[in-house]
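Per chain, numbering begins at 1; letters A, B, ... match sequence-line order.
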Protein chains: 2
Amino acid sequence: MAQLKLQPETAVQTEIYAKFFHGLSNPTRLRIVEILLDGEKNVSQLVEATGATQSQVSNQLACLKWCGYVTSRQEGKYVLYRISDERVRTILQLAKAIVADNAEHIRCCTRM
Amino acid sequence: MAQLKLQPETAVQTEIYAKFFHGLSNPTRLRIVEILLDGEKNVSQLVEATGATQSQVSNQLACLKWCGYVTSRQEGKYVLYRISDERVRTILQLAKAIVADNAEHIRCCTRM
DNA sequence: TCTTTATATCATAATACCTTAATATATTGA
DNA sequence: TCAATATATTAAGGTATTATGATATAAAGA
């Protein structure tokens, strides 16, 4: 007899988690997160620090904000961004620890 | 005077970490990882459990293998896959905890 | 050996993502 | 109000990723 298929609920959950990880799957976004882990920054500072264009940074910040990684507040003509959940720091540390043992593998990955 | 740009080294590092997270950024791949956290499985079992096609599962397994998430061993006509680093479990738990506080936000994210 | 089952690979088409450039909005100070 | 600066949004094109279907390889048993 066929095994019960996964509840739709589970599929939705998995998609949310996948989206969450997608947030950290782009070098520019990840770099922004790393920089913000060092403290609140405005957009211009992030543009300077990442070397990406202003458009890119604003767009990726919007993505990070949507996904709950960062929050922002206006201060004068600047918009200051900061990490909204300190646990993100732990996730990154853990990832780095794992990658340390697999860096060569991952770097060479050309499949996708 | 302009601030020093990031060392190329750092950019490479960030790209590796981004690639690492990319591994978990696809629903099928993430589901496979979740299932394998429950124990070693062969490809057919993963096809059954995920509802994805055999081609999809094999391809995503190849990706996960390249990136060091899983390893495999042949046993007769089956190929058994398992998680290669238990710390992946911790990353997932952490992500789920964070998402629990931001699920609605992330689900609605249509930007990318 | 032939057939069946299990898994992997490949080509192609569809989709999603990212970059770039242009433009819009909002704040500040003249 | 006008100009300058900071940030956000949008459209278009290029690139990367994914899904699909077809085919290849490899092991097991008849």
Side-chain angles (χ1 to χ4, degrees), chain A residues 11 14-16 18-33 35-36 40-67 70-82 106-112, chain B residues 11 14-15 18-33 35-36 40-67 69-82 106-112:
Chain A
T14 302
E15 271 186 32
I16 293 176
K19 252 185 187 175
F20 176 80
F21 285 117
H22 181 76
L24 301 177
S25 75
N26 169 281
T28 302
R29 280 196 299 271
L30 186 55
R31 191 81 194 97
I32 290 174
V33 167
I35 293 167
L36 291 181
E40 204 175 40
K41 302 274 184 299
N42 67 43
V43 179
S44 300
Q45 291 173 311
L46 292 171
V47 170
E48 165 70 20
T50 59
T53 67
Q54 182 264 315
S55 175
Q56 261 176 306
V57 170
S58 277
N59 269 307
Q60 305 296 21
L61 280 170
C63 176
L64 290 170
K65 196 174 178 180
W66 265 101
C67 288
V70 305
T71 54
S72 64
R73 66 189 177 91
Q74 183 118 21
E75 185 156 290
K77 59 179 177 176
Y78 299 99
V79 178
L80 303 180
Y81 283 84
R82 64 191 150 78
I106 294 172
R107 198 177 59 72
C108 294
C109 174
T110 57
R111 285 197 70 96
M112 43 191 67
Chain B
T14 302
E15 271 185 32
K19 251 185 188 175
F20 175 81
F21 285 117
H22 180 77
L24 301 176
S25 75
N26 169 281
T28 301
R29 280 197 299 273
L30 186 55
R31 193 79 193 98
I32 289 174
V33 167
I35 293 166
L36 291 181
E40 204 176 39
K41 302 274 184 299
N42 67 42
V43 179
S44 300
Q45 291 174 310
L46 291 171
V47 170
E48 165 69 19
T50 60
T53 66
Q54 182 264 317
S55 175
Q56 260 177 307
V57 171
S58 278
N59 269 307
Q60 305 296 22
L61 280 171
C63 176
L64 290 170
K65 195 173 178 181
W66 265 100
C67 289
Y69 284 103
V70 305
T71 54
S72 64
R73 65 188 177 93
Q74 182 117 23
E75 186 157 287
K77 60 178 178 176
Y78 299 99
V79 177
L80 303 181
Y81 283 84
R82 65 191 148 78
I106 294 173
R107 197 177 60 71
C108 294
C109 175
T110 55
R111 284 196 73 95
M112 47 191 65

Given [N], is OP1 or OP2 found less than 4.0 Å from the side-chain N or O atoms of [X]?
| X | N | value |
| --- | --- | --- |
| A/S55 | C/dT19 | no |
| B/Y81 | C/dA8 | yes |
| B/R29 | D/dT17 | no |
| B/Q60 | D/dA19 | yes |
| B/Q56 | D/dA19 | yes |

Look at the side chain of [X] and decide which nucleotide, out of [options], has an atom nearest to it.
| X | options | value |
| --- | --- | --- |
| A/S58 | D/dT9, C/dC10, C/dT27 | D/dT9 |
| A/K77 | C/dT20, C/dT7, D/dA6 | D/dA6 |
| A/H22 | D/dT7, C/dC17, C/dT7 | C/dC17 |

| task | Only one of B/I35, B/T28, B/L30 passes side-chain contact (heavy atoms from CB on, under 4.5 Å) with B/I32; say which it is. | result |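 Exactly one pass, corresponding to B/T28.
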Please round to the nearest 0.5 Å and tell me the distance separating atom [atom1] of [X] and atom [atom2] of [Y].
| X | Y | atom1 | atom2 | value |
| --- | --- | --- | --- | --- |
| B/Y78 | B/E40 | OH | CD | 13.5 Å |
| B/L36 | B/L80 | CG | CG | 10.5 Å |
| B/R82 | B/K41 | CZ | NZ | 13.0 Å |
| A/R29 | A/N59 | CZ | CG | 10.0 Å |

Taking [atom1] from [X] and [atom2] from [N], how many angstroms apart are they, rounded to a whole number?
| X | N | atom1 | atom2 | value |
| --- | --- | --- | --- | --- |
| B/R73 | C/dA8 | CZ | C1' | 19 Å |
| A/N59 | D/dT10 | CG | P | 10 Å |
| A/N26 | C/dA16 | CG | P | 18 Å |
| B/N42 | C/dT7 | CG | C1' | 10 Å |
| A/Q74 | C/dA26 | CD | P | 10 Å |
| A/L24 | C/dC17 | CG | P | 15 Å |
| B/W66 | D/dT17 | CH2 | P | 14 Å |
| B/Q45 | C/dA6 | CD | C1' | 12 Å |

| query | Base, sugar-phosphate alone, or nothing: which one does B/Q54 contact when heavy atoms must sit under 4.0 Å apart? | reply |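 B/Q54: base contact, heavy atoms under 4.0 Å.
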| message | Need to verify one output field. Residue with the more 5' nearest nucleotide on DNA chain C, A/T53 or B/Y78? | response |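 Comparing both residues, the 5'-ward one is B/Y78.
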